Amino acid sequence: HFYKRMMENLRSERSALVNEIVTEDDIQPKTKSKASESWGWLVVLASFYCIAILDGVGYTTGILLDALLKDLGGGRAEVSLAGSLQVGVYCLSGPLVGKLVSALGARPVCIAGALLSSIGLFSASFAPSLGLLVLSYSVVTGFGFGLMYIPCVVGVAPYFTDRRALAIGICLCGSGFGTFGLAPISQHILDNYGWRWVLRALSAFALVGVLCGSVMVPVDIPEDDSQNSRCPPKKRHRLISAVLGEDLAKSRRLGVYYLFTFSDFLAFTAIYIPYTHLPPLAKYRNVSSGDAAFLISAGGISNTLGRLVGGWLSDQHWTHPLIITLVALIAGIVPSFVLPWCSAYWTFLISFGFFGFVTGCVVGCTNPLLIKLVGLNCLSQAFGIVSALRGVAAMVGPPFAGLLVDDFLDPGLALYLCGALLVASACICTIASVLNSVHAKRDHYVEL
């Protein structure tokens, strides 16, 4: 009887001790993390829709080209400017939008962008001249898309810990789905009602982005993500802090970020070249116009798959997004130098499909890589600068390759230029990877 009572006392004391150790404060963060991740998948869906709309509108501008020429007049180059300027505006607005997201949060910025882009598209549908069309369709809508794009890409990250890169990769896949989805819808409306009703329908689609932005409720950034990339305060040039922001300027791996950003700029200067100059090369090698156009679609499909795979690989603990980016850049060099030698259609299809896949992996790794380098709290500022430089790359790469082709009358030179730029990008990315490894070892020694 005495032994039984002693064991009961021990059990009660042990239960009380366990209750003291496993308190509500310990359970609450796990429950809160699961709840925020569940809501995060709704944010992923909303961001997927927004990216599908803004990229779908940009890539389907060519469908309206002939109708705009017939109705508003002007030259083909002037009308083409409307689409390219829209993409340029929303990319170049990245640094400003990044600062707005850091100051105000993703939710109000995305809602404002959806409203502004919807107003821009709707007003463009009433444009009586090409100049007013460019103002409303390119400038106003482009800036609205810029306000949507950065929050959609960086706003997903705070909701996830384990599958963060995969969630971002799924969002980025919206670009391919929007292009394929909006193209037939726009063509149907154009054939039956005209280009003005196409823009009004796109305005309605953009307005739905207000609901998508409203689900991006603020979430607390984990302390490890917000502080582990900062260095002690240092006296830095005011210009650097003004451009990058205070938090990003204090990052321990700012040097690695500089190298990666320059490498990324060279890579995207190269990546945009084949999408413009591959169809003429294929037709020069006796490929039909329809098959040459489908090469771009095949590259877009494989690029979408690559974004998903790149995001999934970035979540794996046995690798680093910077290493995946380096491998993808090196792999992209091969088809760049193979494509100018292709003659049969299937060789073009396989080579460019592989090129689209590996460059899609680069896109899918970008945000996980920036989070690893500068921390989650600096993601909007860091990605805004990267996005702006990609916009510059889109406006520099294809025209420069076109000048090269015009001077030497060889369409294959554009692809050789693409390969050379990827070689330079891979070399700089290698240096960034080595420097990042040095920083990682140094951080490990500091922890010890």
Side-chain angles (χ1 to χ4, degrees), residues 44-65 67-68 79-80 82-91 93 110 113-122 124-125 133 136-153 156 168-191 193 195-213 272 275-276 293-294 296-308 356 360 363-364 387 390-391 394:
V44 168
L45 182 62
S47 299
F48 180 93
Y49 175 84
C50 290
I51 292 176
I53 294 301
L54 63 92
D55 274 347
V57 171
Y59 285 123
T60 55
T61 305
I63 295 174
L64 307 177
L65 188 62
L68 292 173
V79 176
S80 299
S84 59
L85 184 60
Q86 183 193 91
V87 177
V89 168
Y90 98 66
C91 287
S93 63
C110 185
L115 282 171
L116 188 61
S117 59
S118 179
I119 292 170
L121 288 167
F122 189 73
S125 69
L133 179 80
S136 53
Y137 181 81
S138 304
V139 179
V140 177
T141 304
F143 186 65
F145 282 163
L147 291 172
M148 291 174 66
Y149 181 62
I150 300 295
C152 288
V153 176
V156 170
I168 295 173
I170 293 173
C171 291
L172 294 173
C173 289
S175 176
F177 280 87
T179 303
F180 286 106
L182 284 184
I185 294 174
S186 299
Q187 187 65 57
H188 175 75
I189 298 174
L190 179 65
D191 293 339
Y193 302 101
W195 67 269
R196 296 185 185 276
W197 281 102
V198 173
L199 294 182
R200 288 162 192 164
L202 295 177
S203 173
F205 290 145
L207 191 60
V208 178
V210 173
L211 297 177
C212 296
Y272 287 119
Y275 286 92
T276 302
F294 182 74
I296 304 302
S297 299
I301 295 169
S302 59
N303 186 272
T304 301
L305 180 61
R307 294 181 183 202
L308 193 61
V363 177
S387 177
R390 287 180 179 180

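Remember, it's a predicted structure, so these values are computed and weren't measured experimentally.
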Heavy-atom pair with the smallest gap, counting every atom of Val89 and Gly142: CG1-C, 3.7 Å
Worked check of side chain to side chain contact (heavy atoms under 4.5 Å, CB included) between Leu121 and Arg200: CA-CA 7 Å; Leu121 288 167; Arg200 288 162 192 164; over 6 Å; no
Side-chain heavy-atom pair Val44, Ile168 within 4.5 angstrom cut-off: no
Counterpart residues, side chain to side chain donor-acceptor pair (under 3.5 Å), relative to Tyr137 (two or more places apart): Thr61
Approximate separation, where rounding is to 0.5 Å, of Arg196 CZ and Ile189 CD1: 15.5 Å
4.5 Å side-chain heavy-atom contact, Tyr149 and Ser387: yes
Residues Tyr90, Ile150; criterion side chain to side chain contact (heavy atoms under 4.5 Å, CB included); working and verdict: CA-CA 9 Å; Tyr90 98 66; Ile150 300 295; over 6 Å; no
Non-hydrogen side-chain atoms of Ile51 and Met148 separated by less than 4.5 Å: no
Side-chain touch Asp55/Phe177, heavy atoms, less than 4.5 angstrom: no
Residues Ser203 and Ser118: side-chain donor-acceptor under 3.5 angstrom: yes
Arg307 (side chain) donor-acceptor with Gly360 (main chain) under 3.5 angstrom: no
Minimum side-chain heavy-atom gap Ser117-Leu54 below 4.5 Å: no
Distance (rounded to the nearest 0.5 Å) between Leu199 CG and Leu190 CG: 10.0 Å
Point-to-point distance, once rounded to the nearest 0.5 Å, from SG of Cys173 to CG of Asn303: 9.0 Å
Rounded distance (nearest 0.5 Å) linking atom CG of Leu115 with atom CD1 of Ile119: 6.0 Å
Gap separating the OG1 atom of Thr141 from the CZ atom of Phe122, nearest 0.5 angstrom: 12.5 Å
Spacing of Leu172 atom CG and Phe48 atom CZ [to the nearest 0.5 Å]: 10.5 Å
Ile301 side chain reached by Leu305 side chain, heavy atoms, under 4.5 Å: no
Any Cys152 side-chain heavy atom under 4.5 Å of Cys110 side chain: yes
Beyond-backbone contact of Leu45 with Ile170, side-chain heavy atoms, under 4.5 angstrom: no
Pair Phe205 and Tyr49, ring centroids less than 6.0 Å apart: no
